[in-house]
Asks: 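Have a look at the structure that comes next, please.
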Amino acid sequence: EKKRPFNVTDLDLMFSKKKGADVHHITYVQFVEMLDVINATLFPTVKEKLGFKGRNARMLEIILDHFFKGAISKSFKKNLDNRATEFCKKNVAKIQAQARG
(Lines give C-alpha, C1' and ligand atoms only; values in the text may rest on other atoms or scores of the structure.)
Protein backbone atom coordinates (compact mmCIF):
# COMPACT_ATOMS: atom_id res chain seq x y z
CA GLU A 1 0.00 0.00 0.00
CA LYS A 2 1.45 3.35 -1.04
CA LYS A 3 1.43 5.97 1.69
CA ARG A 4 -0.29 9.18 0.66
CA PRO A 5 1.54 12.48 1.13
CA PHE A 6 1.12 14.51 4.29
CA ASN A 7 -0.87 17.62 3.37
CA VAL A 8 -2.34 20.81 4.82
CA THR A 9 -5.63 19.06 5.63
CA ASP A 10 -3.74 16.52 7.75
CA LEU A 11 -1.99 19.34 9.55
CA ASP A 12 -5.24 21.22 10.15
CA LEU A 13 -6.90 18.11 11.58
CA MET A 14 -3.96 17.49 13.92
CA PHE A 15 -4.06 21.04 15.27
CA SER A 16 -7.85 20.97 15.63
CA LYS A 17 -7.64 17.82 17.74
CA LYS A 18 -4.83 19.27 19.86
CA LYS A 19 -6.37 22.66 20.62
CA GLY A 20 -9.93 21.48 21.19
CA ALA A 21 -13.23 23.14 20.39
CA ASP A 22 -13.82 26.88 20.72
CA VAL A 23 -10.09 27.60 21.13
CA HIS A 24 -8.42 29.77 18.53
CA HIS A 25 -4.79 29.42 19.59
CA ILE A 26 -2.47 26.78 21.00
CA THR A 27 0.19 27.25 23.66
CA TYR A 28 3.90 27.00 22.96
CA VAL A 29 3.99 23.61 24.68
CA GLN A 30 1.12 22.37 22.50
CA PHE A 31 2.95 23.69 19.42
CA VAL A 32 6.12 21.77 20.32
CA GLU A 33 4.07 18.65 21.01
CA MET A 34 2.46 19.03 17.57
CA LEU A 35 5.88 19.41 15.96
CA ASP A 36 6.85 16.11 17.60
CA VAL A 37 3.79 14.42 16.08
CA ILE A 38 4.39 15.99 12.66
CA ASN A 39 8.07 15.03 12.72
CA ALA A 40 7.25 11.45 13.70
CA THR A 41 4.76 11.32 10.80
CA LEU A 42 7.07 12.87 8.22
CA PHE A 43 10.39 11.37 9.33
CA PRO A 44 9.72 7.97 10.91
CA THR A 45 13.09 6.60 9.76
CA VAL A 46 15.19 9.40 11.30
CA LYS A 47 16.64 7.88 14.45
CA GLU A 48 19.86 9.90 14.85
CA LYS A 49 21.15 13.25 13.62
CA LEU A 50 24.29 15.10 14.71
CA GLY A 51 24.53 12.99 17.86
CA PHE A 52 20.91 13.53 18.86
CA LYS A 53 18.45 10.65 18.97
CA GLY A 54 14.71 10.13 18.63
CA ARG A 55 12.47 13.17 18.79
CA ASN A 56 15.44 15.56 19.05
CA ALA A 57 16.94 14.06 15.88
CA ARG A 58 13.63 14.45 14.05
CA MET A 59 13.36 18.07 15.26
CA LEU A 60 16.82 18.79 13.84
CA GLU A 61 15.79 17.10 10.60
CA ILE A 62 12.84 19.43 10.06
CA ILE A 63 14.71 22.55 11.18
CA LEU A 64 18.03 22.06 9.42
CA ASP A 65 16.97 20.16 6.33
CA HIS A 66 13.57 21.70 5.66
CA PHE A 67 12.94 25.03 7.43
CA PHE A 68 16.40 26.39 6.62
CA LYS A 69 16.30 25.21 3.01
CA GLY A 70 12.95 26.65 1.99
CA ALA A 71 12.22 29.72 -0.11
CA ILE A 72 11.97 32.08 2.86
CA SER A 73 14.95 30.66 4.74
CA LYS A 74 17.48 33.32 3.69
CA SER A 75 15.32 36.12 5.04
CA PHE A 76 14.48 34.12 8.16
CA LYS A 77 18.13 33.26 8.87
CA LYS A 78 19.22 36.86 8.30
CA ASN A 79 16.60 38.15 10.74
CA LEU A 80 17.46 35.44 13.26
CA ASP A 81 21.18 36.28 13.00
CA ASN A 82 20.43 39.99 13.47
CA ARG A 83 18.27 39.34 16.52
CA ALA A 84 20.87 37.01 18.04
CA THR A 85 23.62 39.59 17.46
CA GLU A 86 21.56 42.36 19.07
CA PHE A 87 20.68 40.13 22.02
CA CYS A 88 24.35 39.29 22.58
CA LYS A 89 25.40 42.93 22.30
CA LYS A 90 22.83 43.96 24.92
CA ASN A 91 23.85 41.24 27.34
CA VAL A 92 27.57 41.83 26.90
CA ALA A 93 27.06 45.48 27.85
CA LYS A 94 25.16 44.41 31.00
CA ILE A 95 27.90 42.00 32.03
CA GLN A 96 30.60 44.61 31.45
CA ALA A 97 28.62 47.18 33.46
CA GLN A 98 28.22 44.77 36.38
CA ALA A 99 31.93 43.87 36.33
CA ARG A 100 32.91 47.55 36.36
CA GLY A 101 30.57 48.24 39.25
Side-chain angles (χ1 to χ4, degrees):
E1 174 182 334
K2 186 175 179 181
K3 190 175 179 180
R4 70 176 181 76
F6 187 81
N7 61 38
V8 175
T9 302
D10 296 323
L11 188 62
D12 194 38
L13 288 170
M14 292 171 98
F15 275 93
S16 293
K17 287 179 186 175
K18 187 67 177 175
K19 68 179 178 72
D22 299 326
V23 177
H24 298 288
H25 304 284
I26 60 172
T27 66
Y28 175 76
V29 171
Q30 288 173 315
F31 175 73
V32 172
E33 289 171 352
M34 286 307 308
L35 278 180
D36 285 340
V37 172
I38 292 164
N39 291 340
T41 302
L42 293 176
F43 313 114
T45 61
V46 174
K47 305 295 182 203
E48 189 275 332
K49 187 168 191 77
L50 300 174
F52 292 89
K53 297 184 187 306
R55 66 190 278 192
N56 293 331
R58 289 188 294 274
M59 190 68 75
L60 282 174
E61 174 74 20
I62 198 166
I63 291 169
L64 298 177
D65 294 346
H66 299 277
F67 287 166
F68 286 159
K69 289 188 178 178
I72 63 167
S73 66
K74 286 183 183 179
S75 173
F76 175 77
K77 284 194 283 189
K78 182 180 177 185
N79 289 329
L80 183 62
D81 287 344
N82 289 342
R83 289 183 69 175
T85 299
E86 289 303 313
F87 178 82
C88 289
K89 284 179 185 177
K90 288 178 184 177
N91 285 315
V92 166
K94 288 177 185 177
I95 292 169
Q96 289 173 338
Q98 287 178 346
R100 292 181 183 146

Asks: Is the backbone of Asn7 close enough, under 3.5 Å, to the side chain of Asp10 for a donor and an acceptor to pair up by distance?
Replies: yes

Asks: Who are the salt bridge (charged side-chain N to carboxylate O under 4.0 Å, His left out) partners of Glu33, not counting sequence neighbours?
Replies: Lys18

Asks: Could you tell me which residues satisfy salt bridge (charged side-chain N to carboxylate O under 4.0 Å, His left out) with Lys89, sequence neighbours excluded, listed by chain and number?
Replies: Glu86

Asks: Nearest 0.5 Å please: distance from the CD atom of Glu61 over to the NZ atom of Lys47.
Replies: 12.5 Å

Asks: Would you call His66 and Leu42 a side-chain contact if the rule is heavy atoms closer than 4.5 Å?
Replies: no

Asks: For a quick test of reading the model, state the closest non-hydrogen atom pair linking Leu60 to Phe52 and the distance between them.
Replies: CD1-CD1, 3.4 Å

Asks: Quick one: pull up CE in Met34 and CD in Gln30 and give me the separation to the nearest 0.5 Å.
Replies: 9.5 Å

Asks: Look up atom CG in Leu11 and atom OG1 in Thr41, then write down how far apart they are to the nearest 0.5 Å.
Replies: 10.0 Å

Asks: What distance do Thr45 atom OG1 and Arg58 atom CZ have between them, rounded to the nearest 0.5 Å?
Replies: 9.5 Å

Asks: Could you tell me which non-hydrogen atom of Met14 sits nearest to which non-hydrogen atom of Val37, and how far apart they are?
Replies: CE-CG1, 2.7 Å

Asks: Do the side chains of Leu64 and Leu50 get nearer than 4.5 Å, heavy atoms only?
Replies: yes

Asks: Compare all side-chain heavy atoms of Phe15 with those of Ile38 and state whether any distance is below 4.5 angstrom.
Replies: yes

Asks: Tell me whether Asn79 contacts the main-chain N or O of Ser75 through its side chain, where contact means a donor paired with an acceptor under 3.5 Å.
Replies: yes

Asks: Would you say the side chain of Met59 lies within less than 4.5 Å of the side chain of Asp36, judging by non-hydrogen atoms?
Replies: yes

